[in-house]
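To start, the structure under review is shown below, and the notes come after it.
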Amino acid sequence: MSERADNTLLLTFARRGEEDAIRGALGALQSARPEAVVFAVATPESEGPLRAMGLDELVVLDASRSALAVLREAAARRPTAAAIVYSDDTWRGHLKLEIVALWSRARTVYRCGPHERVQEVGRLQLLASVAGKTAQAALWLCAGALAAGTAFCWLRATQLLAGGNRAHRA
Amino acid sequence: MRTTLLIINHNGRALLEKSVPAAEAAARAVDDCQVAVVDDGSTDDSVSYLIHHHPEVKVLAYRHRGFGPACNEAVASSVAEAVVLLNSDVVVSEDFLPPLLEDLTQPEVFAVGCKFLNPDGSLTDALGNRTSGEWRRGLLHLHHETNPARLNETCPQLYANGGAMAFRRERWNALGGFDDLYHPFYWEDVDLGYRAWARGWQVWYEPASVVYHDQGGTIGRLFRNREIETISARNAVLFAWKNLLEPRPFRRMLAAQARWTADDVLISDQPPRARALWAALRRIRAAAQRRAQEQRERVLSDSAILARAGGKPW
């Protein structure tokens with residue numbers, strides 16, 4: 001495969017049973033870019049469905065290598081286009097796919113949902129989507145820290161008010 | 001020793017057809033033993049079945065409040081020295097009582113757990129046999145022995161599975177029974193065992209007392225898997241908040257719990273820990289009260305409890 005070929009990166013977390021969504025997106029992508037050589041970043045769950053569709057160029061994100069290594073490997077292929085196929089995953093999954101698409105520096109990005117048409121999105125639009133979801137993730141993390149912090153303060157205060165710590169008596 | 005077998009039932013009429021005759025046969029093997037069924041607000045014909053088919057069995061019919069409160073109320077109404085709690089999906093072997101009662105005569109023993117087998121006689125995968133625990137990543141991780149060779153000796157364990165356990169009633173009363181902090185189910189038996197150890201008493205595993213457990217009998221019928229998972233995870237958090245008193249591990253536990261939400265954001269398909277944390281937060285006032293009470297009563301540290309109960313301290 002030539003480095004300057006029309007490399008298209010396919011991104012999906014679709015699992016077994018969601019092959020139709022991937023197949024539809026793949027078909028649309030191939031008709032939009034007939035010369036494209038499609039390779040994909042896959043999870044262990046999506047690897048099976050992707051291979052079953054004849055996609056053998058896979059970068060699998062599994063326990064053997066870090067997410068950063070996978071990102072670098074995907075970017076090293078210098079894709080000219082990236083296609084995000086959303087499955088019925090959470091917004092956190094979508095965020096990860098969009099970050100990979102941005103990281104890959106593909107000039108053109110397509111995306112589609114399980115039963116949607118493939119649409120081209122601008123990098124700015126994608127960046128805004130990532131920023132929104134990142135803010136959501138940050139809020140989520142703050143909420144976790146707040147919950148644990150509240151629990152710590154409350155429990156510790158009650159313990160101290162009840163006469164200090166006497167747990168070392170054994 | 002005056003003994004009562006309490007079978008806890010909620011809409012388990014079909015299960016009672018097996019469990020009650022087995023309990024009656026076991027009760028006949030010892031002196032001064034009574035069988036009672038605690039009906040936790042069944043809407044099926046459990047009560048009428050018992051009245052017509054087992055008239056000699058005492059029926060304690062309560063409004064539906066869940067496993068813990070039903071057990072507490074039934075034990076409070078009992079006058080026996082030894083009480084054996086049995087789930088309605090547990091079928092006891094005929095000779096399971098004498099070893100349990102003999103263990104309970106040891107002065108340091110509060111409770112004794114049975115050996116759980118599947119209905120076909122194979123070893124169960126569910127928690128129950130020779131239990132132990134280990135504090136890790138902010139939670140007490142529970143273990144049970146699966147090596148058959150290590151399941152043949154009477155030994156200390158962290159807690160006796162509430163599905164089939166014997167205990168001394170006056171110590172149960174001193175502990176206040178099952179804590180309703182964990183309502184509607186799970187972790188109340190772990191909490192009871194842990195608190196007993198914390199007061200310097202012991203919980204034993206008795207392999208000669210064999211019971212057969214038809215897993216997923218009641219809870220699986222009443223709740224969806226996702227609900228069961230979340231309640232179980234929430235109660236694990238509440239257990240830690242209530243019982244982990246040593247300052248350093250306590251701080252580490254809270255730090256680990258703060259990281260759970262990060263895990264939920266960064267890694268998909270995790271257990272519902274962040275959700276459990278928020279659910280637990282709604283009961284923090286009660287957890288804090290119980291924690292203060294535990295501190296007043298405790299004579300053993302968390303490390304000592306796990307070490308003596310055959311688990312791993314940090």
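Lettering of chains follows the sequences in order, A, B, ..., and the numbering in each one begins at 1. Just so it is clear, the structure is predicted and the values come from calculations on it, not from any experiment. The figures that follow rest on heavy atoms only: side chains count, while hydrogens, waters and symmetry mates do not.
In this structure a side-chain-to-backbone donor-acceptor pair under 3.5 Å is present from B/D189 to B/G162.
Using a 4.5 Å cut-off between heavy atoms, B/L254 touches chain A through backbone and side chain atoms alike. Both the backbone and the side chain of A/A143 come within contact range of chain B, each with at least one heavy atom under 4.5 Å from a heavy atom of that chain. Residue contact with chain A, scored on non-hydrogen atoms closer than 4.5 Å, involves the side chain of B/W278 exclusively.
Comparing B/R291, B/Q293, B/R285 by heavy-atom pairs within less than 4.5 Å of chain A, the highest count is held by B/R291.
Salt-bridge check for A/E120 with A/R111: failed, with every basic side-chain N at 4.0 Å or more from each acidic carboxylate O.
Residues satisfying the ring-ring contact (aromatic ring centres under 6.0 Å, His included) test with B/Y182, not counting sequence neighbours, are none.
Within the 4.5 Å cutoff, no side-chain heavy atoms of B/E145 are placed close to those of B/Q157.
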